[in-house]
Participant: 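I'd like to ask you about the structure that follows.
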Amino acid sequence: LVAEMRSKGIECNVHTYSALMNVCIKANELELAQDVYKQMLDEGCTPNLVTYNILIDVYVKKGQWEEAVKVLDTIEKQGVQAEVRTYTTVISACNKSGQPEQALKVYEKMLNAGVKPSATTYTALISAYGKKGQVEKALGIFKDMIRRGCERNVITYSSLISACEKAGRWEMALELFSKMHKENCKPNVVTYNSLIAACSHGGHWEKASEFFEQMQTQGCKPDSITYSGLITSFERGGQWRRALKAFEQMQAQGCHPD
RNA sequence: GGCUAGUAAAAUGUCC
């Protein structure tokens, strides 16, 4: 299509180039997306914020957080005000690359620019710290979130509970789980999976079992990750009979082992 | 002067 446009003397503009870059991302042709961007510049077409957002996406998919941050710098240098999603996407790049401190820098930049973080922004930061086992830092972000009046959602809580699991803080995981309940935030299968993993990690197979039962009475269907967590908790507790029983139950429910 | 085209993103286990 682009070739046809050229042959007919129709010029590509910022919209067509941006759309084209996005198509490349969808097709997982990340290098091509970058080529399109370069060509756009060569043709003297000026990128706008949408283009930059897409370019940041390219770097997110490539796992290149430094490049994502550079794009953000470029945006700022041009005196353009980045959007919430721009910052959040850069934070997500840092999260994927295991760079919580870099994510925090972007977050601070965002606040300095007077841009209000969204629940997704906070959750990405929480996840970044959680992955590194820095649960206290993750909690700090969570408190910030509350202080600034941002709504917490099921993903926020699941991230936090998972952060507790990685840090070996099962009691804190339980606390967060009840806090979540108080806020009328309904847990889903991921939340329960994280919670069961936290109990398992803490050596509490009874608790893991209890939540396994609870999730089902709440209409939450266990998946292979749930069973994996549960069986692991039995294994750690030397409960091989229970482990075997859980394994059989899993198959009886049509959930296949992986 | 009005309308109209393009972009996302955050959570879970085991083993390796």
Side-chain angles (χ1 to χ4, degrees), chain A residues 12-26 33 36-37 40 45 47-61 68 71 75 82-96 100 103 106-107 117-131 138 141-142 145 150-166 173 176-177 180 185 187-201 208 211-212 215 220 222-236 243 246-247 250 255 257-258:
Chain A
C12 292
N13 62 17
V14 63
H15 287 277
T16 49
Y17 277 118
S18 302
L20 194 54
M21 284 172 70
N22 194 42
V23 168
C24 295
I25 293 179
K26 293 270 140 71
V36 170
Y37 179 70
M40 172 178 180
C45 183
N48 62 19
L49 189 54
V50 173
T51 320
Y52 288 127
N53 286 340
I54 296 171
L55 187 60
I56 291 172
D57 276 342
V58 173
Y59 293 124
V60 170
K61 301 255 149 55
V71 178
I75 295 171
E83 303 167 318
V84 183
R85 67 198 293 170
T86 314
Y87 289 105
T88 304
T89 309
V90 177
I91 288 174
S92 140
C94 298
N95 174 23
K96 277 208 173 108
V106 178
Y107 170 66
S118 65
T120 306
T121 317
Y122 290 109
T123 306
L125 271 163
I126 288 170
S127 167
Y129 280 119
K131 275 190 187 124
I141 301 292
F142 182 62
M145 188 177 184
C150 181
E151 288 283 315
R152 281 76 65 193
N153 61 31
V154 60
I155 303 184
T156 313
Y157 277 106
S158 301
S159 300
L160 275 167
I161 291 171
S162 171
C164 293
E165 184 266 314
K166 290 196 173 61
L176 285 161
F177 186 71
M180 166 177 198
C185 182
N188 63 19
V189 61
V190 177
T191 321
Y192 277 109
N193 288 352
S194 305
L195 190 60
I196 289 170
C199 296
S200 166
H201 193 144
F211 288 118
F212 175 73
M215 76 186 280
C220 213
D223 60 14
S224 66
I225 297 181
T226 319
Y227 281 105
S228 165
L230 183 68
I231 292 170
T232 303
S233 81
F234 289 145
E235 186 190 328
R236 286 185 181 142
F247 185 71
M250 169 180 171
C255 181
D258 56 10

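We name chains A, B, ... by the order of the sequence lines, and we start the count at 1 in each one.
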Participant: Taking atom C1' of B:G13 as reference, at what distance in whole Å does atom CE of A:M215 sit?
Facilitator: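 These atoms are roughly 12 Å apart.
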Participant: Mind checking if A:T51 touches a base, just sugar-phosphate, or nothing, with heavy atoms under 4.0 Å?
Facilitator: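 Contact class for A:T51: base.
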Participant: Just checking A:T123: base, sugar-phosphate only, or nothing, at a heavy-atom cut-off of under 4.0 Å?
Facilitator: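 The answer is base, as A:T123 lies within the cut-off (heavy atoms under 4.0 Å) of a base atom.
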Participant: Could you tell me the separation between the CG atom of A:N48 and the P atom of B:A5, rounded to a whole number of Å?
Facilitator: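 Whole-Å distance recorded here is 14 Å.
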Participant: Measure from the side-chain heavy atoms of A:K166 and tell me the nearest of B:A8, B:U12, B:A11.
Facilitator: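 The nucleotide sitting nearest to the side chain is B:U12.
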Participant: Nearest-Å distance, CE (A:M21) to P (B:U7)?
Facilitator: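 So the two atoms are 13 Å apart, to the nearest Å.
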Participant: Report the distance from atom OH of A:Y37 to atom C1' of B:G6, rounded to the nearest whole Å.
Facilitator: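 Rounding to the nearest Å, OH of A:Y37 and C1' of B:G6 are 16 Å apart.
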Participant: Is there a donor and acceptor pair, one atom on the side chain of A:N153 and one on the base of B:A10, closer than 3.5 Å?
Facilitator: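 Per atom types, the contact qualifies.
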Participant: Without hydrogens or angle criteria, can the side chains of A:K166 and A:S162 be said to hold a donor-acceptor pair below 3.5 Å?
Facilitator: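 Checked: A:K166/A:S162 side chains pair up, N/O donor to acceptor below 3.5 Å.
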Participant: Rounded to the nearest Å, what distance is computed from the NZ atom of residue A:K131 to the P atom of nucleotide B:U12?
Facilitator: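 Rounded to whole Å, this separation is 6 Å.
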Participant: Please list each protein N or O that sits under 3.5 Å from an N or O in nucleotides 14-16 of chain B, with the distance.
Facilitator:
| unit_1 | atom_1 | unit_2 | atom_2 | d |
| --- | --- | --- | --- | --- |
| B:U14 | O4' | A:S228 | OG | 3.4 |

Participant: Check every strand shown and say whether A:T120 touches a base, only sugar-phosphate, or nothing at a heavy-atom separation below 4.0 Å.
Facilitator: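 The residue A:T120 makes base contact.
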Participant: Looking only at heavy atoms, which two atoms of A:H201 and A:E165 are closest? And how far apart?
Facilitator: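 Shortest heavy-atom separation between A:H201 and A:E165 comes out as ND1-O, 2.9 Å.
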Participant: Under the 3.5 Å rule, do the base of B:A9 and the side chain of A:S92 count as making a donor-acceptor pair?
Facilitator: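 For A:S92, whose side chain was compared with the base of B:A9, there is no donor-acceptor pair (under 3.5 Å).
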Participant: Take the protein atom CG of A:L176 and the nucleotide atom C1' of B:A11, then report the distance between them rounded to whole Å.
Facilitator: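 Distance check: A:L176 CG to B:A11 C1' gives 13 Å.
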Participant: Quick one: which of B:A10, B:U12, B:A8 gets closest to the side chain of A:R85?
Facilitator: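 Shortest atom-to-atom distance from the side chain points to B:A8.
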Participant: I'd like to check A:Y37 versus A:P47 (side-chain heavy atoms, cut-off strictly below 4.5 Å). Are they in contact?
Facilitator: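 In short, these two side chains touch, coming nearer than 4.5 Å.
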Participant: What contact category does A:N22 fall into here, base, sugar-phosphate, or nothing, at under 4.0 angstrom with non-hydrogen atoms?
Facilitator: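 The residue A:N22 makes sugar-phosphate contact but no base contact.
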Participant: Think A:K61 has a side-chain N or O under 4.0 angstrom from the OP1 or OP2 of B:A8?
Facilitator: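 Answer no for this pair, as no side-chain N or O of A:K61 is under 4.0 Å from OP1 or OP2.
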Participant: Tell whether A:T88 reaches the base of B:A9 with its side chain through a donor-acceptor pair below 3.5 angstrom.
Facilitator: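 It does not, because no donor-acceptor pair links the side chain of A:T88 to the base of B:A9 below 3.5 Å.
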Participant: Over all heavy atoms of both residues, which pair between A:A103 and A:I91 is shortest? Give the atoms and the distance, please.
Facilitator: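 Closest approach of A:A103 to A:I91: O-CG1, 3.8 Å.
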Participant: Provide, to the nearest angstrom, the distance between the CD1 atom belonging to A:I25 and the P atom belonging to B:G6.
Facilitator: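 In whole Å, B:G6 P lies 16 Å from A:I25 CD1.
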Participant: Scan A:V84 against the nucleic acid and name what it touches under 4.0 Å (heavy atoms): base, sugar-phosphate only, or nothing.
Facilitator: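 Here A:V84 touches no strand at all.
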Participant: Taking A:V14's backbone N and O only, do any of them form a donor-acceptor pair with A:S18's side chain (distance below 3.5 Å, no angle check)?
Facilitator: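 Such a contact is found between A:S18 side chain and A:V14 backbone.
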Participant: Would you indicate what A:N13 reaches in the nucleic acid, counting non-hydrogen atoms under 4.0 angstrom: base, sugar-phosphate, or nothing?
Facilitator: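 Contact class for A:N13: base.
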Participant: Is there a donor in the side chain of A:T191 and an acceptor in the side chain of A:S158, or the other way round, less than 3.5 Å apart?
Facilitator: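 The answer is yes; a qualifying pair exists.
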Participant: Check whether any side-chain N or O of A:K96 sits under 4.0 Å from OP1 or OP2 of B:A9, and answer yes or no.
Facilitator: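 For B:A9, OP1/OP2 do not have a side-chain N/O of A:K96 under 4.0 Å.
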Participant: Between P on B:A11 and OH on A:Y122, what's the gap in Å once rounded to a whole number?
Facilitator: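 Whole-Å distance recorded here is 18 Å.
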Participant: Indicate whether the side chain of A:N153 and that of A:T156 have a donor and an acceptor atom separated by less than 3.5 Å.
Facilitator: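 The answer is yes; a qualifying pair exists.
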Participant: How are the rings of A:F177 and A:F211 set relative to one another: parallel (under 30°), tilted (30 to 60°) or perpendicular (over 60°)?
Facilitator: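 Ring orientation, 0 to 90° scale: perpendicular.
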